[in-house]
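Report on the following structure.
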Amino acid sequence: AQKVTQAQTEISVVEKEDVTLDCVYETRDTTYYLFWYKQPPSGELVFLIRRNSFDEQNEISGRYSWNFQKSTSSFNFTITASQVVDSAVYFCALSMNRDDKIIFGKGTRLHILP
Amino acid sequence: ETGVTQTPRHLVMGMTNKKSLKCEQHLGHNAMYWYKQSAKKPLELMFVYSLEERVENNSVPSRFSPECPNSSHLFLHLHTLQPEDSALYLCASSQDPGNRAGELFFGEGSRLTVL
């Protein structure tokens, strides 16, 4: 079965601290894609990153970085020097190559306190 | 203005009402989706339309009826809903009919409350 687990329901950190959001996935497929989306208070989910299962290189984009480890089936997301505007719900998602479904985790609500 | 627009943003309806949610995408995409987001569940895929044809229906109750008249517009017709149907309904679009590798572009959602 395919599944995405975001064990952290809610996290609060003080501005400028670093924070890591955890994502663990389950699939028996060898080809799959992992995503992170951000949902600000306005409601729409905003795409942040896509990673395919054959590319385990970590990625950095400004203050955001992602650590993909197939050995632990994890795709964690770190925000460095957090800002109040980073406050949102963050979703990790999994898509298999053989069908059109994207499976979302339950999301982690992140509060950045000024 | 976002690439995917949803109306209304908020809707309150009784269980015997009939209403519709509308979604419009201005991105030239080929596929459109309805997702349901409720308080205690992950995002649930309800319907997928690819090139205006329905390709996915995740066992959604018949009180939800989708319509895709063209590749830019998607509707969700609602009738005789239940209070547990209260949720945020998100529309999304993608470039490719198979969204397995492509990113989804979401609207801001329609917050539905069923009394």
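Lettering of chains follows the sequences in order, A, B, ..., and the numbering in each one begins at 1.
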- Message: I need the A/Lys106 NZ to B/Leu43 CG distance, nearest 0.5 Å.
- Response: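 Going from NZ on A/Lys106 over to CG on B/Leu43, the span is 12.0 Å.
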
- Message: Just verifying a value: how many Å separate B/Leu104 CG and A/Phe47 CZ, rounded to the nearest 0.5 Å?
- Response: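 B/Leu104 atom CG to A/Phe47 atom CZ measures 9.5 Å (nearest 0.5 Å).
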
- Message: Please report whether the ring centroid of B/Phe106 lies less than 6.0 Å from that of A/Tyr37.
- Response: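 Between B/Phe106 and A/Tyr37, which both carry aromatic rings, the centre distance is below 6.0 Å.
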
If you count the non-hydrogen atoms of other residues, nucleotides and ligands that lie under 6.0 Å from [atom1] in [X], is the total more than 12?
X: B/Leu115; atom1: CG; answer: yes
X: A/Lys38; atom1: NZ; answer: yes
X: B/Gln82; atom1: CD; answer: yes
X: A/Arg109; atom1: CZ; answer: no
X: A/Lys70; atom1: NZ; answer: yes

- Query: Side chains of B/Glu103 and A/Arg50: does their closest heavy-atom pair fall under 4.5 Å?
  - Reply: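 Side-chain contact under 4.5 Å: yes.
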
- Query: Do B/Leu45 and A/Ile102 touch side chain to side chain, with heavy atoms closer than 4.5 Å?
  - Reply: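 Result no, sub-4.5 Å side-chain heavy-atom pair not found.
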
- Atom of A/Ser42, atom of B/Arg9 and distance for their closest heavy-atom approach: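 Nearest pair, atom of A/Ser42 first, then B/Arg9: O-NH2, 3.1 Å.
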
- Task: Work out which heavy atom in B/Pro42 is nearest to a heavy atom in A/Gly105; give both atom names and the distance.
- Result: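 Closest pair (atom of B/Pro42, atom of A/Gly105, distance): CB-O, 3.9 Å.
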
- Task: Tell me yes or no: between the side chains of A/Gln39 and B/Gln37, is some donor less than 3.5 Å from an acceptor?
- Result: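 Short answer, yes.
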
- Item | Hphob cluster co-occupancy, B/Met15 + B/Leu21, side-chain heavy atoms under 4.5 angstrom |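 Linked, B/Met15 and B/Leu21 end up in one cluster.
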
